[in-house]
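Structure first, then comments.
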Protein chains: 2
Amino acid sequence: MSQRVPTVRDVAARAGVSVGTVSKALNNRGQLREETRARVVAAARELGFRPNSLAQGLQSGRTYTVAVITTDRFGRFGNPLMLGVEDALGADRVSVFLCDTRDDPIREHHHAETLDERRVDGIIVAGRRKQTRAPLAVASGVPVVYVIAQSSDPSDFCVTTDDVGGGVLAARHLLASGRTRIGHITGPERFADPRERAAGLSSVLDSAGLDLAGGQVFYGEWSEDWGRRAAEMLLHAAPDTDAIFCGSDQIARGVVETLRDRRLRVPGDIAVVGFDNWEPMAAGCRPPLTTVDPNLREVGRVAATRLLDMIAGRPVEGGVETVPAWLMLRESTGVREAGA
Amino acid sequence: MSQRVPTVRDVAARAGVSVGTVSKALNNRGQLREETRARVVAAARELGFRPNSLAQGLQSGRTYTVAVITTDRFGRFGNPLMLGVEDALGADRVSVFLCDTRDDPIREHHHAETLDERRVDGIIVAGRRKQTRAPLAVASGVPVVYVIAQSSDPSDFCVTTDDVGGGVLAARHLLASGRTRIGHITGPERFADPRERAAGLSSVLDSAGLDLAGGQVFYGEWSEDWGRRAAEMLLHAAPDTDAIFCGSDQIARGVVETLRDRRLRVPGDIAVVGFDNWEPMAAGCRPPLTTVDPNLREVGRVAATRLLDMIAGRPVEGGVETVPAWLMLRESTGVREAGA
DNA sequence: TTGTAAGCGTTATCAA
DNA sequence: TTGATAACGCTTACAA
């Protein structure tokens, strides 16, 4: 099976030089006759030589490897984040260990140990929700960047989404489209993310001298079903509602369904804004959903970039960096139909 | 920043023994006085010693690392697969490099090179669709397992989903629920996956002496919108249809929406079966979708297990191993309501 | 029972 | 311009 892989020594022998020369030739270091360098390069190619990165890492102390520890790789959350991480890391030939803790502290600890042993250059710890967590138990000296969930140690660096800003974005857009009776249906009140989104909405409504339709934020679950039920409740409390901002695209789907059942047109009678920009959910909706994109890909990119900074020894201040959200415009907030 | 990490030498010094003794003590090898072993272990713990896995790998030729090369980490596909892979690998302290090619051959080649250099123990190449692809261009001798997309080299090993079987499952279930006028709406005809699902359905209908409602398979796109449009077409062609098997949960969502618009009850008038068991789509549907689960987690588990076999030198025959699908029962195929 | 030393595949230093 | 040689941190014969 496992045939012998050529080493610098093999290349050296074939090129008729010493191993030191091979190393210099292949890494463009030191002074070498051009002819020699060419001969070495040729020999290396002929043998299909690939430098053993373990040996390189052992010698250099750098592994060109970072790990992403995530509590959930399911669904909408982890994927755009990973994309952004790879955007930033890919250029540098940095490879990514993916570690899923499945929300289990034991697993996390286990992974942290393994990563220590593997001498990764840095670690990105990604949480699913905005909350404070204990710092990762890893060898001191290894750079760590926290994503979304931030470390309880204020000297740690964290990058996160702008949920308040997302709420503001949605609210301003609805006001600009001429809506004034805006309701809000979202996830569990015990989580910070939905509370921040609601805060963003409220701040805009306050400045405009408007009240929340239905007189309250409808906190509930992250499900379509909650969207359906809450929409009933909201419309019961405030039948003249002309817009609903939803804390997730899933909730928005449920809301839209209820509206359709009630023969209310979207956006004709009621405009709907979602949150997440979870493509299959938002684009598949009828009508397609205008929704706040939390910019997770950019979050990932920023996290990885800062991590590279730290690895390179460039100072990165502790604290939280917030990445702005943006609004994906689709039809659910389109201009009111003529005659509506 | 980067403080010095303790080595065997440090542990040896602290325990007052030699490095060789440390190694033996920590790895339970050779004959050692129990007292000495304990002293070494204590010293190691006090120093927070973690063996450098690069050095271990260099020396042993094993890195306890495998890579998963995937063409798309988006959405429903990659996540359950990765879960299964980690199920099988986790026990062994094997870490996973995640490489996303973004469907770009250049990127794939680039990743293959890097993985060669890193001396990964094995590689899982995951495609999104059932098709034949060129073998991964990697150093000979490195075990590779293909997932879903199979290698054109018949001596390579591939594990894949049972789409024919999935179609059979759906069909039998519908027949068993008393449906006889079954239509089929699915994805693009140019892909093998939807064709196989259709073949499974047809085989069952044939044996039962039944025809496909609407007289044809409705091939189209993997979108809700296609589901909506195709449902109209199907009902136009065959108004007495009493069940629709859909090639994806997204399509099924669209179908269900059209049925609701037409005041047709699901499952009362028409039963609907989806494909994928993509939780948020299928469970969020009203009514929740009965759907074929292609068992991707198991596919991942099998792939990783076979890869470990190959790495361990246990022979694994080339060819394709098919993992059975199963049916997730929800309400969209429930018993007909009384009086319907 | 323990210590010494060679070797894994690189890179880097210093001589030649 | 090139070649020896010593690290890097570990495991493992083999010697003590």
Side-chain angles (χ1 to χ4, degrees), chain A residues 2-41 43-44 47-65 93 114 116-121 139, chain B residues 2-41 43-44 47-65 93 114 116-121 139:
Chain A
S2 162
Q3 29 224 98
R4 232 180 62 69
V5 175
T7 74
V8 271
R9 231 186 304 275
D10 301 311
V11 177
R14 177 170 254 258
V17 297
S18 75
V19 293
T21 304
V22 169
S23 178
K24 283 170 216 157
L26 261 26
N27 298 298
N28 283 313
R29 239 175 292 267
Q31 306 295 315
L32 246 59
R33 213 162 9 129
E34 193 43 56
E35 192 270 332
T36 312
R37 185 184 307 280
R39 198 145 37 90
V40 171
V41 168
L47 292 174
F49 169 75
R50 298 261 167 257
N52 183 325
S53 70
L54 298 178
Q56 292 179 316
L58 187 56
Q59 133 78 31
S60 70
R62 272 277 265 145
T63 55
Y64 292 90
T65 300
R93 282 223 159 206
T114 313
D116 266 347
E117 296 178 358
R118 293 178 180 276
R119 304 295 193 263
V120 296
D121 295 332
Chain B
S2 163
Q3 28 224 100
R4 229 180 63 67
V5 174
T7 73
V8 271
R9 231 186 304 275
D10 301 310
V11 176
R14 176 169 254 258
V17 297
S18 75
V19 293
T21 304
V22 169
S23 178
K24 283 170 216 157
L26 262 26
N27 298 297
N28 284 313
R29 239 174 292 269
Q31 306 295 315
L32 245 59
R33 214 165 3 132
E34 193 43 56
E35 191 270 332
T36 311
R37 185 185 306 278
R39 197 145 38 88
V40 170
V41 168
L47 292 173
F49 170 75
R50 297 263 167 255
N52 183 325
S53 72
L54 298 178
Q56 292 178 316
L58 187 55
Q59 128 79 27
S60 70
R62 273 277 264 144
T63 55
Y64 292 89
T65 300
R93 284 224 158 205
T114 315
D116 265 347
E117 297 179 357
R118 292 179 181 276
R119 305 293 194 264
V120 296
D121 294 332

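Every chain is numbered from 1 and lettered A, B, ... according to where its sequence line falls, protein lines coming before strand lines.
By the 4.5 Å heavy-atom criterion applied to side chains, A:R37 and A:N28 are counted as neighbours. Contact annotation: the side chain of B:R50 never approaches that of B:V5 to less than 4.5 Å [non-hydrogen atoms, C-beta and beyond]. Residues A:R119 and A:T65 are not in side-chain contact: their nearest non-hydrogen atoms beyond the backbone lie 4.5 Å or more apart. You'll find the side chain of B:L58 reaches within 4.5 Å of the side chain of A:N52, heavy atoms only.
Rounding to whole angstrom units, CD of residue B:Q31 and C1' of D:dA15 are separated by 17 Å. Put simply, CZ on A:R118 is 15 Å from C1' on D:dC10, counting in whole angstrom units. As rounded to whole Å, 16 Å separates atom C1' of D:dT11 from atom CZ of B:R62. Here D:dT11 presents its C1' atom at 14 Å from CG of B:N28, a figure rounded to the nearest Å. If you measure from atom CD of A:E34 to atom C1' of D:dT1, you get 13 Å, rounded to the nearest angstrom.
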Sugar-phosphate or base contact per nucleotide [nucleotides 9-16 of chain C; S, B, -; heavy atom under 4.0 Å]: BBBB----
Between A:R93 and B:T114, does a side-chain contact (heavy atoms from CB on, under 4.5 Å) hold up when you go through it step by step? CA-CA 8 Å; A:R93 282 223 159 206; B:T114 315; 3.6 Å; yes
Result block: side-chain N/O donor-acceptor pairs under 3.5 angstrom for residues 15-26 of chain A, not counting sequence neighbours:
{"residue": "A:S18", "atom": "OG", "partner": "A:T21", "partner atom": "N", "Å": "3.4"}
{"residue": "A:S18", "atom": "OG", "partner": "A:T21", "partner atom": "OG1", "Å": "3.2"}
{"residue": "A:S23", "atom": "OG", "partner": "A:N27", "partner atom": "ND2", "Å": "3.4"}

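Within the structure, a side-chain polar atom (N or O) of A:T36 is placed less than 4.0 Å from OP1 or OP2 of D:dT2.
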